[in-house]
Protein chains: 2
Amino acid sequence: MSEDTQEPGDGSRRRDAGATREAILLSAVEAFTRAGYDGAGVREVAGNAGVTAMLVNRYFGSKEHLFVEAVDRSFAPRTVVGDDPDALTEQTAISLAARTAPDADDLDPFLLMLRSAANPRAAEIIRAGVGRHVGRHLTDLLSGPDAAARAELLLSLIAGVWLMRKVVATPALAGMDQDSLARLLTDVMRPLIDPPPA
Amino acid sequence: MSEDTQEPGDGSRRRDAGATREAILLSAVEAFTRAGYDGAGVREVAGNAGVTAMLVNRYFGSKEHLFVEAVDRSFAPRTVVGDDPDALTEQTAISLAARTAPDADDLDPFLLMLRSAANPRAAEIIRAGVGRHVGRHLTDLLSGPDAAARAELLLSLIAGVWLMRKVVATPALAGMDQDSLARLLTDVMRPLIDPPPA
DNA sequence: CAGTGAGGTCTACGGTCGTAGACATAGCGG
DNA sequence: CCGCTATGTCTACGACCGTAGACCTCACTG
């Protein structure tokens, strides 16, 4: 709308600290999701954002702090489960089956978590991020006894499916059609979501 | 029993290629399980085995090939699930809850998998190892439709619990008592193990 | 148009990584 | 007792890592 906040479009970006910082952060989310905390280098993040490595540390202090913000950014806008409490189980199962489909490869926070958790420091940061974002929201959505544990168990299941289907790519699971997987996942998730098991 | 195959006990080992190779392999399993493929260094593996880094490459060719053998060694003797087809669900749930307890920290293949999967090459090796060991055996144990997929989904669930309970250490799950967790896991696992859901 | 501060880059350091080739040594066969 | 081979070590190379400080340069202000 306003012509003073335009982007050149071709590689070079005008001198704008906010936009540059945002570009670095987006590049970091992408790199950490694809290669994990240890596997993604500061130079790589900087290069994909069109800047040099030092600017990353200038804006974010260190790689570790960059990761903190990347985790926040990755987890923030995600709705791990649906919002409708009635069809929660089906929605969650279908959504997970769709997201982990062989073709679709968006930047999912679970991928970032899986591939970064090997580093102890990164694991702490992830734990904090999970607690801050999905954890509380999800626990509120679930009712009954052990709501918090059931919520984290649901996250465990989701993470496990991401791991085996997309990261390790076990053949039967990676090649399964979405509908069958969604049905199976619905049955598995039900004891965690729908009625508390006494 | 035979006194000619003794170990000195104090650090120094006699010149025995087989024993040295074995010591390196055990050290590698430990290091890869604790730090993952990228996080474990060849020098560290060698040091904990009482040798130098070059001997590792002399015996195993490269770090990657060492990882292949370490994966095999880690996955081989493990019984992911019980053997009794009747009480399979309960046994598996109880076993998982016990293994992931806060104090117990044995060298589990799922930990090795979780912390190494970020590296694409390591992920391939793990996929092959899973298929070679637990995959086939587990699929045979399960009956009904989608046995292979249900087996891998069970592995997903187990891996997810390991991840959230021990690696990321989410509070509610990490602090949960074994019995409650085992009960919850039994309900979640039942659709995957007990009766095929039509 | 000149100066000034924000925005960005250059060069470099210390460290660790996987790995290659030359070298040392222990222990058994003769 | 001697020598030979398996067993293991030493030194080093090239690459990459995160990060620090000095330097440049653009764009706006007066």
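This structure is a prediction, so every number in the text was calculated from the model and none was measured. Here is the naming used below: chain letters follow the sequence lines, and residue numbers restart at 1 for every chain.
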Closest to the A:Arg15 side chain, choosing from D:dT9, D:dC26, D:dG18
D:dC26

d(NZ, B:Lys63; C1', D:dC16) in whole Å:
13 Å

Is any side-chain N of the basic residue among B:Glu69 and B:Arg73 closer than 4.0 Å to the acidic one's carboxylate O?
no

Can you tell me how far P of D:dG8 sits from CZ of B:Phe60, to the nearest Å?
12 Å

Whether the side chain of B:Arg43 and the base of C:dG18 hold a donor-acceptor pair under 3.5 Å is what I'd like checked.
yes

Are A:Glu124 and A:Arg121 ion-paired here, with the side-chain N under 4.0 Å from a carboxylate O?
yes

Report yes if at least one side-chain N or O of B:Thr20 is closer than 4.0 Å to OP1 or OP2 of D:dG8; otherwise report no.
yes

Of the listed nucleotides (C:dT19, D:dT7, C:dG7), which one gets closest to any side-chain atom of B:Ala17?
D:dT7

Side chain of B:Met54, heavy atoms from C-beta onward: which of C:dT9, D:dG8, D:dT9 has the nearest atom to it?
D:dT9

For atom CG of B:Leu55 and atom C1' of C:dT25, their distance in whole Å
14 Å

Under the 6.0 Å and 45° cation-pi test, does A:Arg21 pair with A:Phe60?
yes

What is the ring orientation for B:Phe67 with B:Tyr37, classed by angle as parallel under 30°, tilted 30 to 60°, or perpendicular over 60°?
perpendicular

Whether B:Tyr59 contacts D:dG8 is assessed here as follows: a side-chain N or O lying under 4.0 Å from the phosphate OP1 or OP2. Is that the case?
yes

Compare the minimum distances between each of D:dC10, C:dG8, C:dG18 and the side chain of B:Thr52, then state the nucleotide with the smallest one.
D:dC10

Within the structure shown, what part of the strands sits under 4.0 Å from A:Ala46 by heavy-atom distance: base, sugar-phosphate, or nothing?
nothing

